[in-house]
Amino acid sequence: MDDLASTLLEELNCETAFTIPIFGGIEVAESVVVTWVIMAVLVVAAICLTRNLKVEKISKRQLVVESAVTGLQNLCGGMIGEEGKAFVPYLVTVLLYIAVANIIGLFGFKPPTKDLNVTVALALMSIILIESAGIHKRGIKKWAKGFTEPVAVVTPINIMEIFIRPLSLCMRLFGNVLGAFVIMELIKLVMPIGLPIPFSMYFDVFDGLIQAYVFVFLTSLFIKEAIE
Amino acid sequence: MLRLDANLVFTIINLLILYVLMKKFLFGPVNKILAKRQEVIDKQMEEAKAKEEQAEALRTQYEASLTKAEAERAKTIADSKKIATQEYNRILENANEQARQVAMDAQKQAMIEKEKILKKAETEIKDLVVEATAKVVGMQSSEESNRELYNQFLVKAGDTSDTRNS
């Protein structure tokens, strides 16, 4: 039992991949390295898929790429509305990143979203985007005044929301992925052959994609609220 | 497991780089090609619309010219009918006039003929009368009346022979 616990803890640890030997050594976590891998995969896939696109007589590859990209853009565009069109590329990027990050566990990597650094970074970027969109749209005075709406009493709650929103975003993603990871590791320890497949389907693929969707959905919802 | 350090910043930088790269390599090309296709489709639609409008204009023009031709035809027919009627009336009048002329001529001729015949008859009757008278007078005549008669006869016979010769 002790053995199992220690193995599990070891798996849960976010290891340092390497250390940059400046400022007394900056530890670069595994999640960052895996993120690089994900970036490389996404960019290479994008470059390969969007090679010589044509206007007419398109290939099947182009058809797939076009449907996928327009589908994702419509998905995010539908959530954020017509006014937030400028945010659609970012939202789709985040959606793709989280989706790939969540299911990369299938390929033997540790999902970067299991590292709190990554989810906090995502949530921070989301809240910065939300509030800057609100400021940009309404102007700083109206934006600040927006905290007292609908009645002045709720102002503290509204201000707290600035911190609660990213916290809930990052913790939801982190908790889901971590939980799924822990369960999968336990199952793998108990029965490494056959049994993990259906669970992996649910925890890695389904839950991973759902969490990616939820993260982007909430972010776009908040942005929409901010710019309305 | 729960560590927060410089990796947060690294992740943010990574995400921003990924955003830029995706925009450049995925959304950029795909949206560009979609916009281009939209443009082509719009252009074709516009062309089709222009052609349709042109066809419609041509149709209107043809219809107008057709109507005009129809009107002209009707006018020509009406004119021809009018001219024909006039001509008909003229010819009829001419014919009537001629017929009248012919009839009048015939009447005149007949009158002349009749007069001629009458005169001839008169002369012949006169001759007969003279002859008869001569015969009667021959039977019972006086010298005086004889002469008188003879003179008369001469005058009349001269008249008659004049008429005959002329």
Side-chain angles (χ1 to χ4, degrees), chain A residues 9 11-14 16-17 20 23 26-33 35-36 38-40 42-56 58 62 65-66 68-70 72-73 88-94 96-97 112 114-122 124-125 128 174 178, chain B residues 1-70:
Chain A
L9 268 178
E11 287 293 333
L12 286 176
N13 252 342
C14 294
T16 302
I20 301 172
F23 305 123
I26 299 170
E27 295 179 338
V28 177
E30 206 184 349
S31 61
V32 174
V33 178
T35 301
W36 290 342
I38 295 168
M39 285 165 66
L42 284 175
V43 171
V44 168
I47 291 172
C48 286
L49 289 171
T50 57
R51 254 184 320 143
N52 65 66
L53 295 176
K54 285 174 237 144
V55 174
E56 277 169 346
I58 59 171
Q62 189 181 344
V65 174
E66 278 180 9
V69 172
T70 45
L72 286 170
Q73 283 179 337
V88 168
Y90 173 76
L91 291 172
V92 176
T93 305
V94 170
L96 284 173
Y97 171 70
K114 185 178 71 69
D115 189 340
L116 197 58
N117 280 316
V118 173
T119 57
V120 169
L122 282 165
L124 264 179
M125 288 177 80
I128 289 169
F174 174 70
L178 187 74
Chain B
M1 183 167 78
L2 288 173
R3 63 181 230 192
L4 277 175
D5 49 27
N7 289 301
L8 192 148
V9 181
F10 294 158
T11 306
I12 290 178
I13 294 168
N14 279 344
L15 283 170
L16 289 176
I17 292 171
L18 180 66
Y19 168 62
V20 171
L21 289 178
M22 289 311 269
K23 219 175 163 187
K24 183 164 164 50
F25 289 114
L26 186 66
F27 304 122
V30 172
N31 285 338
K32 205 169 113 192
I33 211 79
L34 288 176
K36 224 184 237 172
R37 184 172 309 141
Q38 190 63 42
E39 200 177 294
V40 168
I41 291 169
D42 283 351
K43 209 170 133 201
Q44 278 172 351
M45 285 291 267
E46 213 162 282
E47 267 172 23
K49 209 178 248 179
K51 268 185 190 153
E52 204 178 319
E53 262 166 34
Q54 209 177 337
E56 183 65 25
L58 272 179
R59 200 177 69 88
T60 320
Q61 203 178 318
Y62 285 146
E63 248 166 39
S65 62
L66 210 65
T67 318
K68 211 172 132 197
E70 185 75 20

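So you know, we letter chains A, B, ... as the sequences are listed, proteins then strands, and number each from 1. Bear in mind the structure is a predicted one, so any value in this text is a computation, not a measurement.
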Side chain proximity check, A:Gln73 to B:Val30, heavy atoms < 4.5 angstrom: no

Salt bridge flag under 4.0 Å for residues B:Glu56 and B:Arg59: yes

Closest-packed option against chain A by number of heavy-atom pairs under 4.5 Å, given B:Leu16, B:Leu15, B:Ile17: B:Leu15

Contacting region of A:Val69 [heavy-atom separation from chain B under 4.5 Å]: side chain

Contact leader toward chain B among A:Pro112, A:Ala45, A:Pro89, where contacts are heavy-atom pairs under 4.5 Å: A:Pro89

Structural part of B:Leu18 lying under 4.5 Å from a heavy atom of chain A: both

Top contributor to chain B interface from A:Thr35, A:Ile38, A:Ile47 [non-hydrogen pairs under 4.5 Å]: A:Ile47

Proximity breakdown for A:Thr70 and chain B, heavy-atom pairs closer than 4.5 Å: side chain

Residue pair B:Asn14 / A:Met39, side-chain heavy-atom distance below 4.5 Å: yes

B:Val40, part contacting chain A, at a heavy-atom distance under 4.5 Å: side chain

Backbone of A:Ala29 reached by a side-chain donor or acceptor of B:Asn7 within 3.5 Å: yes

Any donor-acceptor N/O pair, A:Thr50 side chain to B:Phe25 backbone, under 3.5 Å: yes

Chain B contact via A:Leu96 - side chain, backbone, both or neither, heavy atoms under 4.5 Å: side chain

Ionic contact status for B:Lys51 with B:Glu47, cut-off 4.0 Å: no

